[in-house]
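The structure appears below as structure tokens.
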Amino acid sequence: MFPSVNEQMGVIKRGVSEIIPEDDLVRKIEKSLKTKTPLNVKLGCDPSRPDLHLGHSVVLRKLRQFQDLGHRAILIVGDFTGMIGDPSGRNKTRPALSLEETRKNGESYFEQATKILSKEKTKMVYNSEWLAKMQFADVIKLASKYTVARMLERDDFTLRYKAGEPISVHEFLYPLAQAMDSVAINADVELGGTDQKFNLLVGRDIQREFGKEPQVILTMPILVGTDGVEKMSKSLDNYIGLSDSPKEMYGRTLSIPDSLIYDYFLLTTNIEKKDLEEIKQQLERNSVNPRDIKRGLARELVAMYHSHDEAVAAEEEFDRVFVKKDMPDVIPIFYPTADDLKNVTSLTAATGSVSSKTEARKKILEGGVYIDGERITDPFSPVPNKDEFILKVGRRKFHRIIRKNQ
RNA sequence: GGGUAGGUAGCGAAGUGGUUAAACGCAUCAGACUGUAAAUCUGACGGCUCCGGCCUUCGGAGGUUCGAAUCCUUCCCUACCCA
């Protein structure tokens, strides 16, 4: 039923940052084999940001591997913590959510996560189920099990504390709440990014306090975003979304810096170990143009989330539009009103490519607006007297303008 | 509770009565170059505009003044020190 311990460990260890403690994981797997009981593998998800991207995929893919090895994946939606939000208002990215919102986001999270996870084998639970039932006395008791010094061990807290940035008391409760999740579902393994290491470790301590066997924690490296510097995140707009269209996904992938190519292959694709090794060699020796390796990565990703055919199509389209500077094959159509046709500025603004006429005028003066391939330099130049033409704004916004003859 | 230092555009950070829509850096956007890589260069960067201008900003609210981000009052917020 289950693969052997060595086989399992081989799969599990690919790409991981840390397994703490590794021996315990081996032991747990041995026990699972002996008793024919799958391990409970936990992953917490944040319902305040339901748009998943490649960064999330790193850890989700690891979870999928556990599923393929026969283990049980449990997604915990942090609806309770999401509902509390951040009262200090310091972190605006964490607004308080209503119960309905967290539910809705949870559903959406599940839907996207199952692009990677097996739908049937994934269990999703909301942590309000047990956290909402706790009394204040329970919370105090829980909090008493951890010390301030230990909380401050956390790098994030230390840095903020030293920098003189505010840390609210309730932030100390987050790791404890997360730990309670592990207690509630009897987690054997908890996955997370390396930035979650502290929280995951707290889970071990609290499980012990509750007389449970501590979970093994497994951390995955943080995927750097397309800017090559920051962690991939939606708010920094350096992400490749799992729901991005083939075109977008392909283009965004090509925009990552060369230094990230290997990590992306390792962390976000399923390519064979030997191919991975070859890529590493090629990159190190510079024997192949990194661009071509990157194109391969982009095709791979589009094929994973869409299809092989769409990957090929996306590449062709990309070459046409950006290499040959030709037109994309699908261009949104815009039917202008008489007012929009007053001049090119009005038209550009009307298409919504820019936020206002002021913006449109700036782009025209900067030389970023083209009509049928001709650069427009005068904001007040008239709209060509044609029934149909192509308006291009910036590098990638195209509109097919069609006049309706009334 | 007492004291100190602060709160300026997406972020960081100057400015401390009068060309100040507010230096500078980062980020972003557009252009050149290119492999939608890196590096570099140029320009834009509060909002709107009939291009003449108009409107809104310097934690909030009042006030002084011809004139305030800058002075006064009050409130809110943050860090640090003392208790």
Side-chain angles (χ1 to χ4, degrees), chain A residues 86-93 157-169 171 224-231 233-240 244-265 279 282-283 286 288-299 301-302 314-328 339-340 342-346 348-350 352-370 373-382 391-398:
Chain A
D86 192 339
S88 74
R90 194 191 57 81
N91 187 347
K92 292 191 189 89
T93 61
F157 284 146
T158 310
L159 290 175
R160 280 163 64 190
Y161 193 68
K162 279 186 184 153
E165 280 166 31
I167 300 172
S168 304
V169 171
E171 293 187 65
V224 175
T226 54
D227 59 2
V229 184
E230 303 286 345
K231 170 180 172 176
S233 82
K234 188 156 190 227
S235 50
L236 293 172
D237 197 29
N238 63 355
Y239 69 101
I240 299 171
D244 280 354
S245 68
K247 220 171 19 176
E248 283 172 310
M249 196 176 265
Y250 188 91
R252 285 182 186 264
T253 305
L254 278 204
S255 76
I256 67 168
D258 294 353
S259 57
L260 258 40
I261 296 173
Y262 177 77
D263 282 349
Y264 271 56
F265 267 113
I279 285 165
Q282 288 170 340
L283 287 168
N286 233 339
V288 177
N289 186 337
R291 179 200 53 182
D292 296 326
I293 304 178
K294 199 149 72 178
R295 286 167 70 101
L297 171 68
R299 278 195 306 272
L301 288 172
V302 177
E315 182 156 280
E316 280 169 7
E317 166 101 355
F318 181 87
D319 285 347
R320 185 165 55 236
V321 178
F322 297 107
V323 180
K324 296 190 198 125
K325 306 248 187 242
D326 210 337
M327 303 291 161
D339 233 23
D340 300 339
K342 206 158 52 178
N343 54 45
V344 178
T345 301
S346 303
T348 305
S353 294
V354 290
S355 57
S356 67
K357 284 188 187 172
T358 305
E359 190 72 22
R361 206 165 39 93
K362 277 182 195 159
K363 290 291 165 270
I364 291 168
L365 290 172
E366 284 167 348
V369 176
Y370 293 79
E374 293 273 325
R375 176 178 277 173
I376 305 299
T377 48
D378 177 8
F380 298 106
S381 50
L391 175 74
K392 181 186 174 199
V393 184
R395 279 180 294 178
R396 58 187 106 162
K397 289 173 195 145
F398 290 87

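Below, chains carry the letters A, B, ... as their sequence lines are ordered, and counting in each starts from 1.
Remark: C1' of B:U34 and CG of A:Asp258 are 12 Å apart, rounded to the nearest angstrom. Distance A:Asp237 CG to B:C29 C1': 12 Å, rounded to the nearest Å. Between the P atom of B:U34 and the NZ atom of A:Lys325 lies a distance of 9 Å, rounded to the nearest Å. When the C1' atom of B:C54 is taken as reference, atom NZ of A:Lys357 falls 15 Å away, rounded to whole Å. The interatomic distance linking A:Arg375 (CZ) with B:G31 (P) rounds to 7 Å, in whole Å. For A:Lys392 and B:U36, the NZ to P distance is 12 Å, given to the nearest whole Å. Separating the CG atom of A:Asp319 from the P atom of B:G35 is a distance of 12 Å, rounded to the nearest angstrom. A straight line from CZ of A:Arg395 to P of B:U28 spans 11 Å, rounded to a whole angstrom.
Glycosidic torsion of B:G52 falls within 90° of 0, placing the base in syn.
Using P as the reference atom, B:U56 and B:U8 are 22 Å apart when rounded to the nearest Å. The gap from the C1' atom of B:A22 to that of B:G12 amounts to 16 Å, rounded to the nearest Å. Between B:U20 and B:G46, the two P atoms lie 15 Å apart (nearest whole Å). B:C11 and B:G18: their C1' atoms are spaced 30 Å apart (whole Å). Rounded to the nearest Å, the gap between the P atom of B:U64 and that of B:A68 is 11 Å. Spacing of C1' atoms, B:U70 relative to B:U65, comes out at 13 Å, to the nearest Å. For B:C29 and B:A79, the C1' atoms lie 35 Å apart once the distance is rounded to whole Å. Between B:C76 and B:U40, the two C1' atoms lie 47 Å apart (nearest whole Å).
With hydrogens and angles disregarded, a donor-acceptor distance shorter than 3.5 Å links the side chain of A:Asn238 to the backbone of A:Lys231.
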Assess whether ring-ring contact (aromatic ring centres under 6.0 Å, His included) is satisfied between A:Phe157 and A:Tyr161, documenting all intermediate values. CA-CA 6 Å; A:Phe157 284 146; A:Tyr161 193 68; 9.7 Å; no
Walk me through it: do A:Ser245 and A:Glu248 pass the test side-chain hydrogen bond (donor to acceptor under 3.5 Å, both in side chains)? CA-CA 5 Å; A:Ser245 68; A:Glu248 283 172 310; 3.2 Å; yes
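Nucleotide B:C26 forms a Watson-Crick or G-U wobble pair with B:G10, both donor-acceptor distances falling under 3.5 Å.
When distances are taken from the side chain of A:Thr358 to each of B:G35, B:U78, B:C48, the shortest belongs to B:C48. For A:Lys362, counting side-chain heavy atoms from C-beta on, the closest listed nucleotide (B:U36, B:C51, B:G47) is B:G47. Of the candidate nucleotides B:U49, B:G35, B:A30, B:G35 has the atom lying nearest to any side-chain atom of A:Pro290. Side chain of A:Arg396, nearest nucleotide from B:U36, B:C51, B:C48: B:U36. You'll find that the side chain of A:Pro257 is closest to B:A37, out of B:A37, B:A44, B:C48.
Geometric assessment of A:Arg299 against the ring of A:Tyr250 yields a negative cation-pi assignment under the 6.0 Å and 45° thresholds.
A distance of 13.0 Å separates CD in A:Glu230 from CG in A:Asp237, rounded to the nearest 0.5 Å.
In this model, the phosphate group of B:A37 is not approached by any side-chain N or O of A:Ser255 to a distance below 4.0 Å at OP1 or OP2. Regarding contacts with the backbone of B:C50, every side-chain N or O of A:Arg361 stays at 4.0 angstrom or more from both OP1 and OP2.
For A:Glu366 and B:G43, a side-chain-to-base donor-acceptor distance below 3.5 Å is present, hydrogens and geometry of angles not being considered. Checked by distance alone, A:Asp292 brings no side-chain donor or acceptor within 3.5 Å of a matching partner on the base of B:G35.
Across the interface with RNA chain B, nearest-nucleotide mapping of A:Arg295 and A:Ser355 shows A:Arg295 to be the residue nearer the 5′ end. When each of A:Arg252 and A:Val369 is assigned the nucleotide of RNA chain B bearing its nearest heavy atom, the one mapping closer to the 5' terminus is A:Val369.
Smallest separation of non-hydrogen atoms from A:Pro257 and A:Lys294: C-NZ, 4.3 Å.
When the options A:Val224, A:Leu297, A:Thr226 are evaluated for a side-chain contact (heavy atoms from CB on, under 4.5 Å) with A:Leu260, the one that passes is A:Val224.
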